[in-house]
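So you know, we letter chains A, B, ... as the sequences are listed, proteins then strands, and number each from 1. For the numbers below, each heavy atom of this structure counts, side chains included, while hydrogens, waters and symmetry mates do not.
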Amino acid sequence: MINITLPDGSVRQYESGTTALQIAQSISEGLARNVLAAKVNGEVWDATRPITADAYIVLLTINDAEGKSTLWHSSAHLMAEAIEVLYPGTKFGIGPPIENGFYYDIDLGGKIISNEDFKKIEDKMLELARQGNTYFRKEIPKKDAVAYFKEKGDEYKLDLLEGLEDGNITFYEQGNFTDLCRGPHIPNTGFIKAVKLMNVAGAYWRGDEKNKMLTRLYAITFTKQKDLTDYLTLLEEAKKRDHRKLGKELELFAFSEKVGMGLPLWLPKGAALRERLVQFLQKAQIKSGYLPVVTPHIGNKNLYITSGHYEKYGADSFQPIRTPHEGEEFFLKPMNCPHHCEIYKSSPKSYKDLPVRYAEFGTVYRYEQAGELHGLTRVRGFTQDDAHLFCRPDQVKEEFCKVIDLVLYVFKALNFHDYTAQISLRDPGNKSKYIGSDENWHLAEQAIIESAKEKELTTVVELGEAAFYGPKLDFMVKDAIGRKWQLGTIQVDYNLPERFELEYTGSDNQKHRPVMIHRAPFGSLERFIAVLIEHCAGKFPLWLSPEQVTILPISEKYNNYAKKVLELLKNYDIRGLVDERNEKIGKKIRDTELQKVPYMLVVGEKEESENKVSVRKQGEGDLGSFDIEQFAQMITSEIESLKS
RNA sequence: GCCGAUGUAGCUCAGCUGGCCAGAGCAGCUGAUUUGUAAUCAGCUGGUCGGGGGUUCGAAUCCCUCCAUCGGCUCCA
């Protein structure tokens, strides 16, 4: 007999060789129907794999991340089986689960799969799923595995096998399909009840553009039809919130082929929104002791040679601008930090001067590859809410913590309540990607880890995600429909101060090197606004909304009264417009609702005679009639409460 | 940059098995209406069908090429 400990702490006895599925059955039939896999002593196993020693087990269902990935991993095998039936001779690459579903990279030998083929693949998958075929796990000697795929002619699997050690190789077989796979898998294909192929794309074998391009099929599956329906509804919702669509509808920004791809044009309403955000942060920064600075849009090549950016990115930048007579080369500014280093150097610094905090809403230009551009989230010209703090080593942690406070203040004001902090460290296996000494890297990484701990942030650590000059702390926010976005970033840098030979005089009258902190709470205004639009579905917080009220006269007879109301509201810094069009009130309301203006003021004969306004709130409806002053105070206090 | 898809009026889209002057709704303009909480009515304007080349008696429709957009890959200071 063996002792099985469950998550609630209870211990049950079972015969050796019992499976997680049997354990589930002993608890309840319903649970057994939903168990996809099990975590055995922390390792995810097949639910059908015999357990032969005492163990702590967690039964996994579709509600667990590991349960989902097991389901989707098994679904990838099912899709491969369907494809092998429908497209004989297909060679298979890899087929992993991903955040939402799974994909399989396949080589169709010149055949093309398009969206029209999805239906028949889905149908075949469902047909195979209904057979309820068991996923059999088999441990295989390496030579047999190689022989199997040689016979099948699958060079990708042979390539994968090369990297695996003998004695460590497992095959999984379901129905007529056998795949090289570490597992684990769901018990049988019958668990898969709903299937949807999402899209098809090209992907290089092993992600290397020198290799052959394979066809990547993305799909998702569920154990219930309803889950699939819900998922598709969520995708629809995401489409409705797409900032590119809303940006056009709300007249916030535009792109023009003539101006150039990836170069956003801010329309008046978008510019107003952007300006509000800038003022908001500017105010908070000045309170926190930041000093605004301004630097030009281009910089001499030597500046970027010193910073190391030229070596790292020079080849992939926009071509340099050359002066006609001197032949000097200038680059469009790709980041602000080198300029700020030179500002630091413009006067000698004492330890008493530190920290100094230079802030700039600096517009930068980067040559992003054509295929990379995407709405406002990936552009070629954008404005960073950048600042560089130069401090003594003993001040790093305090400064870093203060920056964290500022970032969280910004998130709160903009209704981002769900976030985690990602600590991005150097890839210890590939140090050549980075500049600077091991000692400096260690100091910087420690500073971030300690600050995050002190601020009690929920963190995840990612190796290899650091910037080339230093580690960083990135804030990943979850939006209103659960999608994750990377926004603010804070980076500790011991390297640029060295490259620029930045100094301060210490109390010992010796020269010392300051530490630099790069930070941007928004990241870039463009990206931030894109995320904000999608987060609030275009319904901006009142204080940010390009128009806060629109005044809707019942007929043209009341346009003058409407204009008078607007003038009064302007005294309270309330932004608004009068809809003077010759339209019926229903039409005006509809159009204003669609423009997502927070408040509508309906004015007609009654209001004019009583000196009032009828207030209608966007998305909610009629709130009744108010004195003009009363309304102005109401929304003024609403704005104050939202911003604090 | 690479793979795949798409590109018709300011916007959303129909037409695309080649064949009468390329259509609709919204927006815009003009006029009527002067309106009470999500679309008043009528008329009009507007497109060298992404650009260029080709096949054909004839191309929005078929082919080639370039450009842009979308979904991915690689990249992201």
Side-chain angles (χ1 to χ4, degrees), chain A residues 98 103 105 112-116 198-218 242 244-245 248-249 251 254-258 260-262 304 307-314 316-317 333-338 364 366-375 377-380 382 384 386 434-435 465-470 472 486 489 491 493 496 518 520 523-524 527 552-559 581-595 600-607 614-625:
Chain A
I98 51 177
Y103 65 81
D105 283 347
I112 289 170
I113 287 184
S114 71
N115 298 35
E116 288 88 72
M198 300 308 296
N199 52 43
V200 54
Y204 302 107
W205 173 237
R206 290 181 176 275
D208 186 335
E209 58 186 313
K210 289 182 207 72
N211 288 338
K212 187 167 177 185
M213 170 84 60
L214 305 181
T215 302
R216 177 170 294 181
L217 275 176
Y218 286 87
D242 190 318
R244 292 166 300 184
K245 179 170 128 63
K248 202 182 274 181
E249 285 173 8
E251 300 171 333
F255 288 91
S256 148
E257 282 185 28
K258 228 171 206 156
M261 54 174 157
Y304 306 113
S307 71
H309 289 98
Y310 179 75
E311 191 193 349
K312 188 87 181 155
Y313 297 102
D316 300 317
S317 295
K333 178 167 72 174
M335 80 295 302
N336 304 298
C337 26
V364 298
R366 296 177 184 176
Y367 174 78
E368 303 291 355
Q369 294 190 65
E372 282 318 311
L373 302 171
H374 180 94
T377 59
R378 199 74 189 273
V379 286
R380 285 180 167 173
F382 57 96
Q384 295 178 311
D386 212 356
Y434 311 93
I435 58 171
E465 293 293 312
F468 77 93
Y469 51 71
K472 46 181 190 164
Q486 188 202 311
T489 178
Q491 308 169 3
D493 184 358
L496 281 187
H518 309 238
S524 87
R527 187 181 162 78
L552 311 177
I554 292 290
S555 83
E556 288 178 314
K557 283 195 277 186
Y558 310 104
N559 281 0
R581 296 175 304 163
N582 178 9
E583 293 288 352
K584 291 175 79 166
I585 192 67
K587 169 73 166 166
K588 292 183 185 180
I589 287 171
R590 178 183 158 79
D591 289 347
T592 314
E593 285 278 350
L594 291 175
Q595 281 292 305
M600 280 154 269
L601 303 182
V602 177
V603 297
E605 188 184 352
K606 203 171 64 195
E607 288 75 13
S614 283
V615 179
R616 184 189 164 98
K617 196 166 185 178
Q618 202 273 341
E620 291 181 25
D622 199 349
L623 299 185
S625 101

Practice prompt. Begin with the C-alpha distance, continue with both residues' side-chain angles, and end with the deciding distance and a verdict on side-chain contact (heavy atoms from CB on, under 4.5 Å) for M335(A) and R366(A).
Written response: CA-CA 9 Å; M335(A) 80 295 302; R366(A) 296 177 184 176; 3.9 Å; yes
Worksheet item: Do D105(A) and T215(A) pass the side-chain contact (heavy atoms from CB on, under 4.5 Å) test, and can you show the C-alpha distance, the side-chain angles, and the key distance before you say yes or no?
Response: CA-CA 6 Å; D105(A) 283 347; T215(A) 302; over 6 Å; no
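Computed from coordinates, the E257(A) CD to U69(B) P distance equals 7 Å when rounded to whole Å. In this structure, the CZ atom of R590(A) is 14 Å from the C1' atom of U37(B), given to the nearest Å. For E583(A) and G36(B), the CD to P distance is 14 Å, given to the nearest whole Å. Counting to the nearest Å, the C1' atom of G1(B) and the CG atom of N211(A) are 16 Å from each other. One atom, CD of E465(A), and another, P of C75(B), lie 10 Å apart when rounded to the nearest Å. Whole-Å rounding puts the I589(A) CD1 to A39(B) P distance at 9 Å. When rounded to the nearest whole Å, the span between NZ of K212(A) and P of G4(B) equals 12 Å. Note: CZ (R206(A)) to C1' (C3(B)) measures 20 Å, nearest angstrom.
Comparing G10(B) with A27(B), their P atoms are spaced 16 Å from each other, to the whole Å. Taking atom C1' in both U30(B) and G46(B), the straight-line distance is 15 Å, to the nearest Å. Across the P atoms, G58(B) and C66(B) are found 26 Å apart, a figure rounded to whole Å. With C1' as the reference atom, C16(B) and U6(B) are 14 Å apart, rounded to whole Å. With both ends at atom P, the span from G18(B) to U8(B) equals 22 Å, rounded to whole Å.
The side chain of M261(A) approaches U69(B) more closely than any other nucleotide in the set G71(B), A27(B), U69(B). Considering only the side chain of I585(A), G36(B) comes nearest among A39(B), G36(B), C73(B). The Q369(A) side chain lies nearest to G1(B) when the options are G1(B), G71(B), U35(B). Of the listed nucleotides (C73(B), U37(B), A77(B)), U37(B) has the atom at the smallest distance from the side chain of S614(A). The side chain of Y204(A) lies closest to C73(B), out of C73(B), G72(B), A77(B). Of the listed nucleotides (U40(B), G72(B), A77(B)), A77(B) has the atom at the smallest distance from the side chain of P334(A). Distance from the side chain of R244(A) is smallest for C70(B) among the nucleotides C2(B), U40(B), C70(B). In the set C2(B), A39(B), A77(B), the nucleotide with an atom closest to the side chain of Q491(A) is A77(B). Comparing A77(B), A38(B), U34(B) by their closest approach to the side chain of S555(A) singles out U34(B). Closest to the A467(A) side chain, of the nucleotides A77(B), U12(B), U34(B), is A77(B).
When heavy atoms are screened at a 4.0 angstrom cut-off, I554(A) is found touching base atoms of the nucleic acid. Note on Q618(A): nothing from the nucleic acid sits closer than 4.0 angstrom, heavy atoms only. Across all strands, G586(A) comes closer than 4.0 Å only to sugar-phosphate atoms, never to a base (heavy-atom distances). Looking at heavy-atom distances under 4.0 Å, F255(A) makes no contact with the nucleic acid at all. Across all strands, R616(A) comes closer than 4.0 Å to base atoms (heavy-atom distances). At the heavy-atom level, K584(A) lies under 4.0 Å from base atoms of the strands shown. Looking at heavy-atom distances under 4.0 Å, N199(A) makes contact with sugar-phosphate atoms alone, never a base.
For G1(B), the base has no donor-acceptor partner in the side chain of E368(A) [N/O atoms by modelled type, under 3.5 angstrom]. Checked by distance alone, R378(A) brings a side-chain donor or acceptor within 3.5 Å of a matching partner on the base of C75(B).
The phosphate of U35(B) has neither OP1 nor OP2 within less than 4.0 Å of any side-chain N or O from K588(A). Not one side-chain nitrogen or oxygen of H374(A) sits closer than 4.0 Å to the OP1 or OP2 atom of U69(B). Applying the 4.0 Å criterion to OP1 and OP2 of C70(B), one finds that K245(A) has every side-chain N and O outside that range. When the side-chain nitrogen and oxygen atoms of R581(A) are compared with OP1 and OP2 of C29(B), none of them lie within a distance under 4.0 Å. Look at K606(A) and you won't find any side-chain N or O under 4.0 angstrom from OP1 or OP2 of G36(B). Not one side-chain nitrogen or oxygen of R366(A) sits closer than 4.0 Å to the OP1 or OP2 atom of C76(B).
Atom CD of E607(A) and atom OG of S625(A) lie 6.5 Å apart (nearest 0.5 Å).
Of the two residues contacting RNA chain B, namely G621(A) and Y313(A), the nearest-nucleotide position lying further toward the 5' end is that of G621(A). Heavy-atom nearest nucleotides on RNA chain B were determined for L214(A) and for Y218(A), and the one closer to the 5' end corresponds to L214(A).
U6(B): Watson-Crick or G-U partner is A68(B), with both key distances under 3.5 Å.
In this structure, H309(A) and Y469(A) have perpendicular ring planes: the angle between them is above 60°, well past the 30° mark.
Considering every non-hydrogen atom in both Y434(A) and A466(A), the closest pair reads CE2-O, 4.0 Å.
Of the charged side-chain nitrogens involved, at least one lies within less than 4.0 Å of a carboxylate oxygen, so that R616(A) and E593(A) count as a salt-bridged pair. Between R581(A) and D591(A) there is a salt bridge, since a side-chain N of the basic residue sits under 4.0 Å from a carboxylate O of the acidic one.
By the 5.5 Å and 30° criteria, F468(A) is not stacked with the base of A77(B).
Under the 3.5 Å distance criterion, the side-chain polar atoms of K588(A) are matched with a main-chain donor or acceptor of P553(A).
Between E368(A) and V379(A) the shortest side-chain heavy-atom distance does not fall below 4.5 Å.
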